[in-house]
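For clarity, every value in this text was computed on a predicted model and none was experimentally measured.
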Amino acid sequence: MAGIIVGAKIVGGEAWERKLQAAFEQWARFEVNDYFRDEFTTDKWDYPGVTFRKSGQTASDPRDIYDLGDLYRSGRESFTLSNKGREVTASWDWDAKNSSGNLYAYYVHEGKSTNIAPRQWTDALTSPTKFLGSGLGNSLKERITIALSR
C-alpha cells in the first residue's frame, strides 16, 4: 500500500517570502520602469498623418509618445512601492494634464478624443495573456528564480 501524506510544512517560508518580495521590488523598480521609458521613447506607435507637437517637432507614423514628456514623467515620478506585511504593491499614477487642465492618459492610451490611435503602453502589465509572453513576464520569472536559488 502506498503512503498517504497527512500534513506538510514549508521550512523557511518567511525567508522565501522576503526573497520573493525583494525580487518583485527590484523588478518593478528597474525592469518595469525601463519598459515604460521604452514604450514612451521608441518610434513604434501607429498613428496616421503628421502632427506638429508642442515641442516644435513633427511626428509621423510610426512615432513615439513622449512629446514634452509630461505624461511619461507623471508615471515615472509617481512610482511607489508599498510593502505591507505579505503584500507588495507597485503603482504608477499617469496623472499629467493637458493645456486645458484635463487628465489625458486615458485619451492617449485608448485613442480617444484627438488621440485617434490607441497607444496602450500599460497592456503588457494589465493583460495576463500579454504579460505571460512578454519580456516583463520573463524578467520577473528570472528574478524570482535567482532569488529563490540563493
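- At least one donor-acceptor pair under 3.5 Å links the side chain of R73 to the backbone N or O of L68.
- Within a 6.0 Å radius of OH in Y107, other residues, nucleotides and ligands contribute 12 heavy atoms or fewer.
- Pairing each heavy atom of R143 with each of E31, the nearest pair is NE-OE1, 2.9 Å.
- Cluster annotation: L148 and L140 are assigned to the same hydrophobic cluster (Ile/Leu/Val/Met/Phe/Trp/Tyr, side-chain heavy-atom contacts under 4.5 Å, transitive).
- More than 12 heavy atoms of other residues, nucleotides or ligands shown are found within 6.0 angstrom of NZ on K44.
- Note: the hydrophobic cluster containing L81 also contains L125 (ILVMFWY, side chain heavy atoms under 4.5 Å, direct or indirect links).
- Rounding to the nearest 0.5 angstrom, the gap separating the CD1 atom in I144 from the OG atom in S149 is 12.0 Å.
- A salt bridge does not link R119 with E39: none of the charged nitrogens is closer than 4.0 Å to a carboxylate oxygen.
- Using a 4.5 Å cut-off between side-chain heavy atoms of Ile, Leu, Val, Met, Phe, Trp and Tyr, with links allowed through other members, I116 and Y106 fall into different hydrophobic clusters.
- In this structure, R37 places its CZ atom where more than 12 heavy-atom neighbours from other residues, nucleotides or ligands lie under 6.0 Å away.
- Using modelled atom types and a 3.5 Å distance limit, the side chains of K97 and S74 yield no donor-acceptor pair.
- Pairing each heavy atom of A96 with each of D70, the nearest pair is CB-O, 3.5 Å.
- Side-chain N/O atoms of S91 and T80 include a donor and acceptor closer than 3.5 Å.
- Applying the side chain to side chain contact (heavy atoms under 4.5 Å, CB included) test to A105 and every residue at least two apart in sequence or in another chain returns L71, W94, W121.
- Taking each heavy atom of S139 and L136 in turn, the nearest pair found is OG-O, 3.0 Å.
- To the nearest 0.5 Å, atoms OH (Y47) and CG (D61) are separated by 10.5 Å.
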- Criterion side-chain contact (heavy atoms from CB on, under 4.5 Å) on T58 and R53, from CA distance to verdict: CA-CA 6 Å; T58 58; R53 292 178 160 176; over 6 Å; no

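- Dense packing is recorded around CD of E17, with more than 12 heavy atoms of other residues, nucleotides or ligands lying under 6.0 Å away.
- Taking the side chain as every heavy atom from C-beta outward, P128 and F131 never approach each other to under 4.5 Å.
- Distance CG/N98 to OH/Y104: 7.5 Å, rounded to 0.5 Å.
- Annotation: the span from I65 atom CD1 to Q120 atom CD amounts to 10.5 Å, rounded to 0.5 Å.
- Side-chain atoms of W92 and N33 include a donor-acceptor pair closer than 3.5 Å.
- Looking at R63 and D43, no side-chain N of the basic residue comes within less than 4.0 Å of a carboxylate O on the acidic one, giving no salt bridge.
- Side chain of D67 to main chain of G69: no donor-acceptor pair is present (N/O by atom type, distance under 3.5 Å, no hydrogens or angles).
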Using a 3.5 Å cut-off and no angle test, enumerate the donor-acceptor pairs between side-chain atoms of residues 19-26 and protein atoms at least two apart in sequence or in another chain.
| from | atom 1 | to | atom 2 | distance (Å) |
| --- | --- | --- | --- | --- |
| K19 | NZ | R150 | O | 2.3 |
| Q21 | NE2 | G85 | O | 2.9 |
| E25 | OE2 | N83 | ND2 | 3.0 |

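- For the atom pair CD of E77 and OH of Y72, the computed distance is 9.5 Å after rounding to the nearest 0.5 Å.
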